[in-house]
Amino acid sequence: MPTLIINETEAQLVVTVDETRIDAAIATRFKDRLREIVLRGRKPVRLDMSRVDFMDSSGLGAMIAVRKALPESLPLVLEGLTPNVERVFRLTRMDSVFEIRPATTPQA
Amino acid sequence: MSSIERQNAGPKSRPATRTQPMFHRVLQADPQDVRQALTDLRARFTPAVDADAMGRLELVLAEVMNNVAEHAAAPGAGSGSMHLCVIMQEGGLSCAITDDGGKLPADCLKPRNLPALDPLDLPEGGFGWFLIQGLTQSLCYYREDHRNCLAFTVPYQLSGPISG
């Protein structure tokens with residue numbers, strides 16, 4: 001099972017992806033697990049991706065499916081993308097769909 | 001001049017031994033074996049290949065091999081294994097992937113655009129061959145008897161339309 005560390009506050013859900021790879025070997029389980037978490041939370045989501053050093057198109061597909069499962073009004077912010085992960089978002093232009101922030105911002 | 005020097009003489013003399021890493025693996029066509037092969041490949045080529053080229057190589061190979069795992073090596077179609085070979089050449093990493101599964105549809109190799117980016121219904125797939133085509137050079141495919149052979153180069157430095 002993909003390891004996702006959940007830190008819920010009143011205002012938001014911070015999910016840390018504790019996996020080094022989001023690839024075809026775990027994409028489906030990753031999608032199901034993350035979708036379940038964000039749908040249960042019904043809050044703005046910050047996803048800390050700084051431990052992920054590889055993602056392929058099936059991992060990207062999982063991220064898109066989770067984004068689509070959330071109402072458009074709820075933000076899904078991706079933080080701490082490593083170069084290999086950032087490349088996939090950029091080449092597929094999905095960096096225009098997700099809100100991507102360079103590093104962890106101080107908690108409001 | 002010794003006989004060895006004579007053998008190595010001439011305008012294109014090469015060192016007698018190559019010390020660059022290479023990688024060859026026969027693996028089961030499933031995502032877990034693909035992951036293991038890519039992890040081992042990264043260890044083999046680091047630090048001879050820089051992180052940017054390594055990242056592009058790993059992405060392309062993941063896309064190709066997961067396609068093989070998903071489509072070509074379906075149950076009943078071939079042995080369910082594939083071969084991967086990667087060597088370092090002058091301008092990039094030359095790769096060959098072969099398998100004995102079903103034939104690759106011709107559409108895969110036609111020039112690709114990104115799937116339509118409809119904000120109301122985002123595509124969740126269809127990125128694989130776009131990435132493969134964009135990140136490789138000299139991409140070629142042939143069918144030899146019952147085997148698919150796909151070969152391409154991932155350049156060390158990027159100068160193409162998509163940088164990455």
Query raised in the report: Is there a side-chain contact between A:Asp23 and B:Leu38 (heavy atoms, below 4.5 Å)?
Result: no

Query - Contacting region of A:Met94 [heavy-atom separation from chain B under 4.5 Å] - result: side chain

Query raised in the report: Could A:Arg90 and A:Asp95 be called an ion pair, given the rule that one side-chain N must be under 4.0 Å from one carboxylate O?
Result: no

Query raised in the report: By a 4.5 Å heavy-atom criterion (distance strictly below it), what part of B:Asp121 contacts chain A: side chain, backbone, both, or neither?
Result: both

Query raised in the report: Do the non-hydrogen side-chain atoms of B:Leu61 and B:Val154 ever get within less than 4.5 Å of each other?
Result: no

**Report entry** Region of A:Glu86 that comes under 4.5 Å of a non-hydrogen atom in chain B
**Finding:** neither

**Report entry** Which atoms of B:Leu122 approach chain A - backbone, side chain, both or neither, heavy atom under 4.5 Å
**Finding:** both

Requested in this report: Can you tell which part of A:Asn84 gets under 4.5 Å to a heavy atom of chain B, answering side chain, backbone, both or neither?
Outcome: side chain

Report task. Step by step, work out the side-chain hydrogen bond (donor to acceptor under 3.5 Å, both in side chains) result for B:Tyr141 and B:Asn148. Result -> CA-CA 7 Å; B:Tyr141 168 79; B:Asn148 295 308; 2.4 Å; yes

Requested in this report: Report the option among A:Gly61, A:Ala62, A:Ser96 that has the most heavy-atom pairs separated by less than 4.5 Å from atoms of chain B.
Outcome: A:Gly61

Query raised in the report: Where on B:Leu59 is there a heavy atom nearer than 4.5 Å to chain A: the side chain, the backbone, both, or neither?
Result: both

Query - Heavy-atom proximity to chain A below 4.5 Å, by part of B:Glu63 - result: side chain

**Report entry** Under-4.0 Å salt bridge between A:Asp32 and A:Arg29
**Finding:** no

Query raised in the report: Is any side-chain heavy atom of B:Asp40 closer than 4.5 Å to a side-chain heavy atom of B:Phe23?
Result: yes

Query - Portion of B:Pro115 that has a non-hydrogen atom of chain A nearer than 4.5 angstrom - result: neither

Query - B:Arg112 to B:Phe130 six-membered ring, cation-pi geometry met (6.0 Å, 45°) - result: no

